[in-house]
Amino acid sequence: MTPRIETLRSFIRAEKHHQFRRTPEELGLADLNEKFKAEGVPAVERSARMLKALLDAETPIIIEGETIVATRTITYIPSIFTEAEWADIRSKHTLHERGTISNLSPDYEGIIADGLGKRKAAIEARMEDATLTEEQMQFLAAAKASIEAVQAFILKYKACAEKAGLTKVAEVLGAIHSEGAKTLHEALQLLRIVHFALWESDCYHNTLGRFDQYIYPYYKSDIESGRITDEEAFDLITEFFLTCNKDSDLYVGMQQGDNGQSLVLGGRDAEGNCLFNEVSKMCLKASYDLNLIDPKINLRCDSNTPLEIYKLGAELTKRGLGFPQYDNDDVVIPGLMKLGYSEEDAHNYVVAACWEFIIPKNGMEIPNIDALSFAEIVSEAVNHLGDYSTYEEFYAYIVSKINEECKRITSSHDNLYIAPAPFLSTFMGGTIEKAKDISEGGILNNYGVHGTGLSTAADSLAAIKKYYFEEKSIGLEELMDALKNNFVGHEALQDKLRNEAPKMGLDNDEADAIGTALLNSFAEGLKGYRNERGGIWRAGTGTAMYYIFHAKDLPATPDGRNAGEVLPANFTPSMFLKQNGPVSVMRSFAKPDLQNVVNGGPLTIELDESIFRNEETIEKLAMLIRSFIRFGGHQLQLNTLDREKLLDAKAHPELHRNLIVRVWGWSGYFVELDECYQDHIIERIKYKL
Amino acid sequence: MQTGVIFSIEEFAVNDGPGIRTTIFLKGCPLRCMWCHNPEGQKAAPQPLTKQGRTEMCGYTIDSEALAARVRKDEDIFRDSGGGVTFTGGEPLVQADFLCEVLDRLEGIHRAIETCGYASEENFKRVLDKVDYVLFDVKIVDSALHKRYTGVENELIKTNLKHLCESGKPFVVRVPLIPGVNDTRENMEATAELLKGAKGLQRVELLRYHKTAGAKYPMVGMEYKPDFDEDAVPEIHDTFTERDIKLLIL
């Protein structure tokens with residue numbers, strides 16, 4: 001880190017730029033939606049007008065030393081609808097989360113290359129079409145107005161830079177006002193503006209896609225022409241990363257830190273070439289140096305990825321930020337193609353906010369639309385255990401319940417309403433051609449469903465199979481009574497179930513086969529259904545925050561888990577598993593047919609910080625991660641933790657402001673999390689010694 | 001077939017030799033180091049251990065075939081990473097016959113032992129012959145002091161270390177740094193002298209004493225009674241680098 005970046009970093013971490021923030025109330029923007037309502041302004045036009053009003057109200061702030069500018073000064077983004085209008089929409093439609101667009105990966109590559117002017121010209125040309133409907137015209141006009149609002153915003157910053165005598169900054173802003181980027185500096189500045197404006201347009205979980213791939217051409221051309229040195233390029237990339245941390249406390253999410261600013265590095269193309277490049281390397285290093293929660297990095301790997309790349313990743317893992325997350329091209333690409341994705345799209349996959357695999361530009365996918373709780377299904381089914389005389393029959397009953405749940409899920413998201421996003425639409429495939437807002441559907445319209453409590457379910461079934469059906473060492477009445485009474489009076493049984501029964505994560509074939517079967521049944525259960533947008537339903541292994549919700553009302557389970565006791569996050573062994581170690585865990589969780597569950601959701605392994613006392617551990621960890629990829633795991637996230645430090649941070653948050661942890665699919669500051677999430681993380685490492 | 005008693009298997013043991021390794025803990029130790037951080041490894045027989053309110057047996061009997069199969073399960077990852085298996089304890093040489101049989105069954109896999117060196121010369125040489133790598137503890141060079149802190153004199157240890165030095169086998173020497181006990185320049189000089197000219201010596205590792213050492217004693221009904229100052233910062237005397245011996249402080 002250069003002194004310039006260090007100073008900027010301190011300024012931002014000290015939140016000195018917060019002084020410039022104003023509320024929409026102070027700016028007279030809070031009741032704009034009321035005006036829209038009174039005037040009867042169509043939604044898509046509201047979106048463009050709201051964006052323009054907000055960008056116009058932004059005060060240009062250039063922090064001393066900055067060369068990539070745009071700082072948010074408005075505390076929250078007012079909705080284009082009034083409360084009453086939302087209530088009305090809700091009564092007529094289903095909504096996903098907040099009702100606005102999230103979790104997409106726009107065509108940054110195209111916008112950086114083409115520039116805003118060319119996009120605007122394309123829209124204008126499209127508007128010439130006399131056969132367009134009124135709605136189509138409204139959309140195109142809104143898209144054009146959004147671009148113009150962003151262009152005006154750029155000019156405002158340019159004037160500010162000029163006034164401050166910042167010639168270079170002004171020059172770059174001038175260059176990207178309409179044209180595409182020609183240098184690395186211009187590319188990063190344009191990206192910053194577009195990304196900034198996406199948040200300003202009330203879209204959220206705005207990802208950054210394949211940053212190293214779309215930025216590389218500018219880096220390469222700058223280096224080849226001698227315009228900049230490697231050090232200068234690194235400095236710019238570091239500064240861009242820093243900008244992702246400027247306003248992120250204002251970004252909406254489930255928890256502070258859950259903001260979806262994930263980016264993806266490396267990967268291979270259809271010819272099998274490794275795409276990890278100089279920029280990818282710089283990204284890992286920049287993230288290491290900055291030691292901040294954003295952007296959250298994913299590293300695409302496959303069985304041929306060189307160890308050197310894993311070592312760079314492991315180095316960052318050691319930093320304790322909870323990323324990079326490792327994604328396996330060998331599983332994800334064929335998995336996506338099996339679901340019907342084109343070869344090109346599949347090779348171009350990125351991750352959404354957490355771990356869901358999505359496609360840049362072409363995907364208007366909702367990869368987190370719902371969750372199926374394996375644990376709940378099994379827990380419920382156990383009440384009917386007495387009706388079955390073999391495990392196979394009982395499992396067939398479980399399958400019927402999974403199918404029922406899939407049917408229920410696939411039929412409960414119809415009549416979906418998403419607020420229009422004309423600005424984002426200009427960077428998504430097919431929208432201008434069709435003259436249709438992206439919120440109404442894009443090229444790919446698939447939905448994804450999480451699968452929660454898998455190990456709890458698999459372990460429960462493994463115990464039932466072994467002790468009830470095979471050994472007959474546990475009777476029906478005894479088990480029912482124990483579960484009903486939360487194991488009170490059945491302590492010996494609980495001890496056996498918790499500590500001796502086969503479980504996923506021990507490389508135990510019995511339990512792992514059940515986990516495999518459950519996932520296959522889930523994927524099978526979603527097959528054949530189409531959502532109302534024509535897309536398919538994808539099964540996944542993630543949990544998002546459902547691991548907290550789904551645990552609360554879940555009674556005691558046959559794996560020895562108490563009622564209400566936490567469920568593991570994502571694709572992870574039971575919280576109270578006495579682990580053999582990471583190798584067994586990885587083997588267990590690489591066994592299922594993971595190509596069937598490429599909605600995503602990582603195996604999460606907690607590493608004790610102390611293993612890094614020896615520098616040689618980095619290479620060993622790199623080899624361990626490579627083994628995971630070679631075993632055929634699909635996704636891995638590693639958390640480097642020190643339990644004592646976490647306990648201390650809980651007691652004395654003021655002393656640990658910078659302590660970063662991985663929560664379910666993102667990294668955040670430990671002291672800013674709700675207590676239930678803090679406790680879950682502490683619990684995860686309790687059984688390690 | 002030989003059977004033995006082990007009390008733990010650790011995967012991804014990062015401090016026990018090259019590459020990704022599985023470490024097997026054999027139960028029973030002839031030493032009673034005052035700072036021992038694996039007190040459950042001292043007694044040869046399985047014993048109850050109480051952790052988080054739950055009592056279970058620490059240690060179990062396993063035959064050489066089953067143990068070898070458990071290790072071989074991860075052969076692919078060992079091959080990929082240049083790793084293998086490490087036998088430690090307790091003191092693995094206490095169960096020399098069992099250990100030899102397991103080592104024989106693991107031919108083709110990189111095999112290491114971590115030993116305190118306190119074993120008959122015959123057993124030491126027998127095992128040495130079957131392993132690819134040795135982690136050898138040198139705690140205190142002065143024999144009287146050694147007896148005071150570990151319960152045994154160290155003549156046998158020095159003899160076996162000499163065999164190791166002469167064997168040419170790659171090995172690492174480990175010295176636990178116990179504040180006020182062995183962290184003196186004198187002891188470090190003497191340690192370095194013992195290693196003079198050893199061709200196979202990869203490096204010396206100084207392991208800083210950790211206060212967590214005492215945590216497991218109550219779990220096995222023992223009392224931790226260090227007579228040294230646990231909070232003192234150990235002195236670090238590098239008598240090794242000047243003798244062209246690589247030093248690593250952990």
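In what follows, every chain begins at residue 1, and chains take the letters A, B, ... in the order their sequences are listed.
- At most 12 heavy atoms of other shown residues, nucleotides or ligands fall within 6.0 angstrom of atom CD in B/Glu65.
- Using a distance-only test at 3.5 Å, with no hydrogens or angles considered, no donor-acceptor pair links the side chain of B/Arg54 to the main chain of A/Asn499.
- For B/Leu248, the part lying near chain A is the side chain, with the backbone staying farther off; criterion is any non-hydrogen pair under 4.5 Å.
- For a residue to count as touching a neighbouring chain, one of its non-hydrogen atoms must lie under 4.5 Å from one of that chain's; by this rule A/Asp507 touches chain B with the side chain only.
- Around atom CD of B/Glu107, no more than 12 heavy atoms belonging to other residues, nucleotides or ligands sit under 6.0 Å away.
- For A/Glu619, no part lies under 4.5 angstrom from a heavy atom of chain B.
- The environment of NZ in B/Lys73 is crowded: more than 12 heavy-atom neighbours from other residues, nucleotides or ligands sit within 6.0 Å.
- Within residues 3-18 of chain B, the residues having any heavy atom under 4.5 Å from a heavy atom of chain A are, by residue number, B/Ile9, B/Glu11, B/Phe12, B/Val14, B/Asn15, B/Gly17, B/Pro18.
- Looking only at side-chain heavy atoms (C-beta outward), B/Thr22 and A/Val583 stay at 4.5 Å or farther from each other.
- Environment of NZ in B/Lys169: crowded, with over 12 heavy atoms of neighbouring residues, nucleotides or ligands closer than 6.0 Å.
- Between atom CD1 of residue B/Ile20 and atom NZ of residue A/Lys620 there is a gap of 9.0 Å, rounded to the nearest 0.5 Å.
- For B/His237, the NE2 atom sits in a packed shell: over 12 heavy atoms of surrounding residues, nucleotides or ligands are nearer than 6.0 Å.
- For the side-chain contact (heavy atoms from CB on, under 4.5 Å) test with B/Ile77, the passing option among A/Arg626, A/Arg587, A/Met586 is A/Arg587; the others fail.
- Between the OG atom in A/Ser610 and the CG atom in B/Leu250 there is a gap of 11.0 Å [rounded to 0.5 Å].
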Let's go through B/Asp80 and A/Arg630 carefully: what are the C-alpha distance in whole Å and the side-chain angles of both, what is the deciding distance for side chain to side chain contact (heavy atoms under 4.5 Å, CB included) to 0.1 Å, and is it a yes or a no? CA-CA 10 Å; B/Asp80 252 19; A/Arg630 290 185 177 171; 2.6 Å; yes
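- Within the 4.5 angstrom heavy-atom criterion, no atom of A/Leu307 approaches chain B.
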Evaluate the side chain to side chain contact (heavy atoms under 4.5 Å, CB included) criterion for residues A/Lys578 and B/Glu56: first the C-alpha distance (whole Å), next the side-chain angles of each, then the deciding distance (0.1 Å), finally the verdict. CA-CA 13 Å; A/Lys578 276 200 321 195; B/Glu56 59 179 41; 2.9 Å; yes
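- Taking all atoms of both residues into account, the shortest heavy-atom contact from B/Arg70 to A/Ser584 is NH2-OG, 4.2 Å.
- Crowding of B/Lys43 atom NZ: a count of heavy atoms from other residues, nucleotides or ligands under 6.0 Å not exceeding 12.
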